[in-house]
There are 2 protein chains.
Amino acid sequence: MLSQIAPDEDLVFFRPHEFIARESEQPAGLYHMLEGWACRYRTLSDGRRQITALYLPGDYCEPHWALGRMPSQPIVALTNVRAKRVPCQVPSGALADHQPSFWKSLVDGCERQANWLVTLGRRTALERLSHLLLELFERMRQSGLAYGQQCALPLTQMDIADLTGLTPVHVNRTLQTMRTKGLVELQSKWLRIPDVAALRQAAAISQADAVI
Amino acid sequence: MLSQIAPDEDLVFFRPHEFIARESEQPAGLYHMLEGWACRYRTLSDGRRQITALYLPGDYCEPHWALGRMPSQPIVALTNVRAKRVPCQVPSGALADHQPSFWKSLVDGCERQANWLVTLGRRTALERLSHLLLELFERMRQSGLAYGQQCALPLTQMDIADLTGLTPVHVNRTLQTMRTKGLVELQSKWLRIPDVAALRQAAAISQADAVI
DNA sequence: CGAGAATTTGAATCTCTTCAATCTGCGTGG
DNA sequence: CCACGCAGATTGAAGAGATTCAAATTCTCG
């Protein structure tokens with residue numbers, strides 16, 4: 001009984017590169033991200049890697065587990081991560097008030113994936129990077145973690161390459177093009193978007209579309 | 001009362017190219033596919049198109065709608081489609097026996113998308129086509145619609161291009177390479193896979209991985 | 001301050017795209 | 001029954017975007 005209500009009982013921490021979940025291993029619970037970033041990915045036998053999801057503060061990692069699934073792709077922390085662990089089931093009982101954010105997390109994740117399929121399948125390098133930076137800024141903003149037109153972005157260019165399906169070298173070159181055009185300022189893990197409308201145009205997103 | 005139990009009341013049909021759902025328009029219901037194929041897609045302003053989901057017999061189109069979402073991408077029939085329309089909510093009451101297949105459809109769709117992110121982001125044309133054909137064959141097989149090592153595949157090369165993020169021309173050339181190598185036989189909307197193991201290898205899928 | 005990680009730069013190469021033309025299969029109508 | 005028309009499939013040649021490999025530079029942190 002006591003263990004059920006002790007608040008720090010379910011607080012967990014991860015260090016960068018530490019596994020939060022391994023493929024086909026029952027996770028210890030569902031993680032409600034409080035701080036830090038994590039990602040889901042797959043590595044092919046020859047080393048090619050693709051990141052398939054990014055978990056930011058406020059996200060559930062990973063809603064599917066509550067529907068009786070095991071992780072089909074590993075998840076690692078990208079930064080220091082602080083999270084609340086909750087039982088691997090759809091929030092109910094005392095946690096029932098979490099239901100809305102749980103379902104939102106699940107469906108948002110699905111829709112983001114559908115959008116990324118379009119980006120990876122049909123957009124150019126410049127469009128992919130624009131799309132990624134817009135999405136991340138918007139997600140940070142919605143979590144109250146953006147300050148004006150800037151926010152933290154704790155990814156290396158290699159992480160960005162694995163997100164966008166490009167090589168690190170090409171990410172670097174394209175980022176420089178974008179800086180030259182005044183589309184973004186990105187340095188030392190900090191992102192600034194001087195003109196959101198211009199970046200949206202570069203992302204080949206019609207003004208009407210949602211970013212996330 | 002009567003209308004609730006009349007069995008053909010909820011049977012609906014669509015013709016090729018007919019919209020099953022439009023972006024941001026409340027759909028008439030959830031469609032449980034009985035026969036035929038449909039797809040979800042997005043078109044960019046300059047005409048580039050990416051298909052983001054394929055609905056085959058047995059699939060729910062589209063589980064998200066039951067969780068209070070509107071379609072974020074349009075859905076059209078690719079062939080003649082016969083489907084059962086059910087209310088836009090998680091199956092309950094008299095339909096409660098559909099719950100397992102409903103949740104499975106939802107999570108399977110998510111996992112397929114995650115796999116496709118890897119394919120679009122990191123795999124070559126030959127690997128993408130191999131992956132697509134394997135997935136489709138496996139899904140048809142699980143629905144009892146495969147015969148030995150063959151099944152129907154009612155897609156044009158242009159559809160395949162929009163699924164794999166390639167151009168129709170390149171799909172054509174790559175398909176010929178695959179035919180030459182004896183990896184597939186594909187003609188007049190009919191697919192035959194002489195050697196599944198060989199095709200899996202071509203898809204850069206380790207033998208342990210699931211296809212879908 | 002030193003060492004490893006991350007970023008930047010250059011040159012050559014390759015995969016895939018683009019544009020254009022031709023060929024094939026098939027249903028319709030004369 | 002054959003001609004026509006059209007969508008889909010096929011082929012060729014040239015070009016663009018991204019990759020690869022290698023090396024140099026800068027950053028970050030212990």
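Everything quoted here is computed from the prediction, not taken from an experiment.
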### Task
If a protein heavy atom is under 4.0 Å from the base, mark B; if only from the sugar-phosphate, S; if neither, -; do that for nucleotides 6-16 of chain C going 5' to 3'.
SSBBBB----S

### Query
Charged N to carboxylate O below 4.0 Å: is that the case for A:Glu62 and A:Arg40?
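A:Arg40 and A:Glu62: salt-bridged.
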
### Query
When you check the gap from the basic side-chain N to the acidic O, do A:Glu18 and A:Arg15 get nearer than 4.0 Å?
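Salt bridge flag = no for A:Arg15 with A:Glu18.
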
### Query
Looking at B:Phe14 versus B:Tyr31, is the centre-to-centre ring distance below 6.0 Å?
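For B:Phe14 and B:Tyr31, the ring centres are under 6.0 Å apart.
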
#### Entry: Over 12 non-hydrogen atoms of neighbours within 6.0 angstrom of CE in A:Met158
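Counting other residues, nucleotides and ligands, CE of A:Met158 stays at 12 neighbours or fewer.
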
### Task
Please indicate whether A:Lys181 has more than 12 foreign heavy atoms, meaning atoms of other residues, nucleotides or ligands, lying under 6.0 Å from its NZ.
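No.
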
[X] [atom1] to [N] [atom2], straight-line distance once rounded to whole Å:
X: A:Leu78; N: C:dA5; atom1: CG; atom2: P; answer: 17 Å
X: B:Trp190; N: D:dA9; atom1: CH2; atom2: C1'; answer: 21 Å
X: A:Ile160; N: C:dA5; atom1: CD1; atom2: C1'; answer: 15 Å

### Query
A:Asp10 and A:Lys84: salt bridge (Lys or Arg N to Asp or Glu O under 4.0 Å), yes or no, with the steps?
CA-CA 5 Å; A:Asp10 304 303; A:Lys84 189 153 70 97; over 6 Å; no

### Query
Start at the 5' end of DNA chain D and walk down; is the nucleotide closest to A:Val171 or to A:Ser188 reached first?
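Result of the comparison: A:Val171.
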
### Query
A:Arg48 versus B:Glu127: any side-chain heavy-atom pair under 4.5 Å?
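A:Arg48 reaches B:Glu127 side chain to side chain.
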
### Task
Using distance alone, with no hydrogens and no angle criterion, decide if A:Asp108 and A:Ser105 have a side-chain donor and acceptor under 3.5 Å apart.
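There is no such pair between these side chains.
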
### Message
To the nearest 10°, give me the bend of the helix from C:dC1-D:dG30 to C:dG30-D:dC1, comparing the axes of its five terminal pairs at either end.
### Response
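Rounded value for the end-axis angle: 40°.
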
